[in-house]
2 protein chains.
Amino acid sequence: MSFFQEQAVTSSDKTFFRLREEIVEGEIPAGAKLSEVELSTKYEVSRAVVREAINRLEACNIVERKANVGARVVTLTAEGLLELYQIREALEGMAARLAAQNMPEIEIEKLSNLLDDQFELVKQGQSYYQEAGDLDFHYRIIVGSQNQQLITMLSNGIYHLARMYRVQLGMTGPRVTTAYDEHKHIVKAIANRDGELAEILMRRHIQYSKNNIAVKLSKM
Amino acid sequence: MSFFQEQAVTSSDKTFFRLREEIVEGEIPAGAKLSEVELSTKYEVSRAVVREAINRLEACNIVERKANVGARVVTLTAEGLLELYQIREALEGMAARLAAQNMPEIEIEKLSNLLDDQFELVKQGQSYYQEAGDLDFHYRIIVGSQNQQLITMLSNGIYHLARMYRVQLGMTGPRVTTAYDEHKHIVKAIANRDGELAEILMRRHIQYSKNNIAVKLSKM
DNA sequence: TATAAGTAAATTGTCGACAATTTGAGGTTT
DNA sequence: AAACCTCAAATTGTCGACAATTTACTTATA
């Protein structure tokens, strides 16, 4: 499930990862107060490491903090989710464009093979998409952009937040049907080194996801 | 010079702002080690405060930190600067598109008037651009997007880093000549509520800046 | 001499205690 | 009853000290 494995070396790292996991997966609900003393007793670490972990979560836009008052898990709104998808559209569109320029042939081939494998599952009736496969696809293209800052931005920031939104709004496992073909076309454009087309297709792909989510949200 | 004024309430805030200023403006040079004890004596605060400030700088991508070793100011490379401009192109392009959808008429008018004022200066021979005016222009469009996460991302993260690059690579006060016209056209597209054109023009505008910088870099 | 092992100094990571600020309850005044 | 103080409890912000780790120097050995 985790590609880019981050490894915890300090106690703060562990606390940060654990806290992020609990928030993203919904154990700690949206809007919840994060009490430093409470968490430090729960995790059996000092307040200082909890503080540092919370600071990092704030940097990820997962919690909001007010001076002298405290930190709360961000409250999720439909607008916030749509905003996030607009950002993803811009950044991942650019990633696809850059991947068409920079991604090594061998990586493109591996990505193509990955899709073929997934296609086998589709034929066998296993519903495309598992979320993991989708994540893997997007992540490989991001890495393929070879823009280090873009990679950091998307893997550290956006994805956890996006997953958090989906979990908390009850829309894990997005649309199953057409995404496979869209992925296919994107890879083809990258293989053809057609950056402009790759960007257009990726942006449209993300727009579809966004619309799909917007529809679900409007039924709530 | 500072639009979105952030106000420091805690001691950590002050230390963070001050440290960021010193780094961005080059008083603390690229690659410099940030010793916690040294800074805490220099600023006359505790190490905890300095630590928190450094953590925040890390979140802004202004310093890099290795566990049990310490934090250093990021070393600036030409590739890094170009990477940053690719990200700006994607995000600010999207911002322009959204501004065309969402920016209130009154704000568009104020932006247009701002450019007219600046045009007076150009006629009087005062070289367009001061950096401040350029920043103001871009910032207003970003805010006009009304995408809160995009606004946060660009104002907190990207801009300080971009300025830091320009200062340290000795390219403050970018190209003077054509930028005014480009700004004019972008505002016109926004006023016409033509998001697609606004995005294209903004992206091209940033590409020009990037190319301009790339040329300067190649002469070094 | 070059390499390796060992040790001391310096730096970061973690902790518990104290200071400053906010919050809420209770009482007072209009 | 509503608005406004007062004060205590709780929470966050800051601090100095100790623990763990890295770094650099010294010494030993091939």
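Bear in mind the structure is a predicted one, so any value in this text is a computation, not a measurement. Chain letters run A, B, ... following the sequence lines, proteins first, then strands; residues in each count from 1.
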Between [options], which nucleotide gets closest to the side-chain atoms of [X]?
X       : options                : answer
B/Ser12 : C/dC15, D/dT14, C/dT12 : D/dT14
B/Ser46 : D/dC15, C/dC15, C/dT12 : D/dC15
B/Asn68 : C/dG13, C/dT23, C/dT21 : C/dG13
B/Ser11 : C/dG13, D/dG13, D/dT14 : D/dT14

- Validation row: B/Glu38, B/Lys42 side chains within 4.5 angstrom (heavy atoms):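 No, too far: nothing below the 4.5 Å cut-off.
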To the nearest angstrom, how far is [X] atom [atom1] from [N] atom [atom2]?
X       : N      : atom1 : atom2 : value
A/Leu34 : D/dT12 : CG    : P     : 9 Å
B/Arg65 : D/dT21 : CZ    : P     : 17 Å
B/Asn55 : C/dT12 : CG    : C1'   : 12 Å
A/Tyr43 : C/dC15 : OH    : P     : 15 Å
A/Arg47 : D/dT14 : CZ    : C1'   : 9 Å
B/Glu36 : D/dG16 : CD    : P     : 15 Å
A/Lys33 : D/dA10 : NZ    : C1'   : 9 Å
A/Glu52 : D/dG13 : CD    : C1'   : 15 Å

- Task: Describe the nucleic acid contact of B/Ile54 in one word from base, sugar-phosphate, nothing, applying a heavy-atom distance below 4.0 Å.
- Result: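 Here B/Ile54 touches no strand at all.
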- Whichever of A/Val69 and A/Val9 has its nearest DNA chain C nucleotide further upstream toward 5':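 Final value for this comparison: A/Val9.
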- Message: With nearest nucleotide decided by heavy atoms, which residue, A/Ala48 or B/Ala71, maps closer to the 5′ end of DNA chain C?
- Response: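 Residue closer to the 5' terminus by nearest nucleotide: B/Ala71.
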- Message: Could you report the tightest heavy-atom contact between B/Glu83 and A/Gln149, atom names first, then the distance?
- Response: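 Heavy-atom minimum between the residues: OE1-N, 3.2 Å.
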- Item | Nearest heavy-atom neighbours spanning A/Ile151 and A/Ile142 |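 Between these two residues, the closest heavy atoms are CG1-O, 3.5 Å.
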- Query: Distance check: side-chain N/O of B/Arg51 vs OP1/OP2 of C/dG13, anything under 4.0 Å?
  - Reply: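 B/Arg51 to C/dG13 OP1/OP2: side-chain N or O found under 4.0 Å.
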- Task: Begin with the C-alpha distance, continue with both residues' side-chain angles, and end with the deciding distance and a verdict on salt bridge (charged side-chain N to carboxylate O under 4.0 Å, His left out) for A/Arg203 and A/Glu199.
- Result: CA-CA 6 Å; A/Arg203 286 182 68 155; A/Glu199 173 168 7; 3.7 Å; yes
- Query: Looking at B/Glu21 and B/Arg18, does any basic side-chain N land under 4.0 Å from a carboxylate oxygen?
  - Reply: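 No salt bridge links B/Glu21 with B/Arg18.
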